[in-house]
Amino acid sequence: MKIILEDIESTGLEIKEERSFAFEGGKFQSVIFSGRIFPIGDNKTEFYLDGKINASVSMPCDRCLREITLELAGEVGVRIVKTAEESLPDEIELGDDDVSAYLIDGDELDTDEITEAEALLLLPMKVTCAEPCGSELIKDEEEETEKERDPRWDALNKLKNN
């Protein structure tokens, strides 16, 4: 969704959008963002986007590689700074408040980029099935070890087991 920043009034603008997108390692089947964008100050160079994200993502389990679906939800609170690229210095020292800031060039804001970035931040570091998994992989590995037994060691194994 594209928003013209000059059109945002001091009372803010309601935003509600739903989309899906793929990323390396999975796919967001649905990402629903609902919130509001407000101008900070009178000159409309800074804005604050506040809202919630509810998402459904499918990705492989890190242990058994089965496809699983996760339901994610989170709050979004980001500052948007409108700036011309030539006005930025080569290096900028960031403060604690700047961590969740987006710099945009021009009068148009693409909320899809922000929604995607914030949805990716909701992903867990490790994705595993809710039920125990991977036990069948361990059994298969033990069975293969049994099959690959060298018959020359049978006499020694017989002594060991007695």
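No experiment lies behind these values; they were computed from the predicted model shown.
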request  = Could you pull out all residues at least two apart from K2 that satisfy side-chain contact (heavy atoms from CB on, under 4.5 Å)?
outcome  = E108, D110
ask   = Which pairs count as ring pair (Phe, Tyr, Trp, His ring centres under 6.0 Å) when at least one residue sits in residues 24-82, sequence neighbours excluded?
value = F21-F28, F23-F28
task = To the nearest 0.5 angstrom, please state how far the CG atom of N54 sits from the OG atom of S34.
result = 7.0 Å
query = Who pairs with E17 by side chain to side chain donor-acceptor pair (under 3.5 Å), at least two apart in sequence or on another chain?
reply = T111, T115
inquiry  = Distance alone, cut at 3.5 Å: any donor-acceptor contact between the side chains of E71 and S56?
reply    = yes
Full working for side chain to side chain contact (heavy atoms under 4.5 Å, CB included) between L72 and I53 = CA-CA 8 Å; L72 306 172; I53 288 181; over 6 Å; no
query = Is it true that I37 and M1 fall in one hydrophobic cluster, defined by side-chain heavy atoms closer than 4.5 Å?
reply = yes
query = Do L122 and I15 belong to the same hydrophobic cluster, where Ile, Leu, Val, Met, Phe, Trp and Tyr are linked whenever their side-chain heavy atoms lie under 4.5 Å apart, directly or via other members?
reply = yes
Co-members of the apolar cluster containing L156 [side chain, <4.5 Å] = W153
message = Quick check on E67: does its CD atom have over 12 non-hydrogen neighbours (other residues, nucleotides or ligands) under 6.0 Å away?
response = yes
ask   = Who pairs with E46 by salt bridge (Lys or Arg N to Asp or Glu O under 4.0 Å), at least two apart in sequence or on another chain?
value = R79
For I114, all residues meeting side-chain contact (heavy atoms from CB on, under 4.5 Å), sequence neighbours excluded = L49, V78, I80, Y102, L109, E118
ask   = Going only through I, L, V, M, F, W and Y residues with side-chain contacts under 4.5 Å, is there a path from I40 to L13?
value = no
ask   = Can you list the steps and then say if E116 with R19 is a side chain to side chain contact (heavy atoms under 4.5 Å, CB included)?
value = CA-CA 9 Å; E116 282 185 20; R19 60 188 320 259; 2.4 Å; yes
P39 versus S10, closest heavy-atom pair with distance = CG-CA, 3.9 Å
message = With a 3.5 Å distance limit and no angle check, can you tell me whether D107 reaches the backbone of I4 through a side-chain donor-acceptor pair?
response = no
ask   = Among all residues two or more places apart in sequence or in another chain, which pass the side chain to side chain donor-acceptor pair (under 3.5 Å) test with D150?
value = R152
ask   = For T45, which residues count as a side chain to side chain donor-acceptor pair (under 3.5 Å) partner, sequence neighbours excluded?
value = N43
ask   = Can you name the residues that form a salt bridge (Lys or Arg N to Asp or Glu O under 4.0 Å) with E6, not counting sequence neighbours?
value = K82
query = Should C129 and C61 be marked as a side chain to side chain contact (heavy atoms under 4.5 Å, CB included) after you check the CA-CA gap, both sets of side-chain angles, and the distance that decides it?
reply = CA-CA 6 Å; C129 296; C61 171; 3.6 Å; yes
ask   = With V127, which residues qualify under side-chain contact (heavy atoms from CB on, under 4.5 Å), at least two apart?
value = M59, D62, I68, L70, P124
task = First locate atom CD of Q29, then atom OG of S58, and finally report the distance between them rounded to the nearest 0.5 Å.
result = 4.0 Å
key: T69 side chain reached by V57 side chain, heavy atoms, under 4.5 Å   = no
Results of side-chain contact (heavy atoms from CB on, under 4.5 Å) for E75 - residues two or more places apart only = K52
task = Scan for salt bridge (charged side-chain N to carboxylate O under 4.0 Å, His left out) pairs involving residues 23-45, sequence neighbours excluded, and state none if there are none.
result = E14-R36
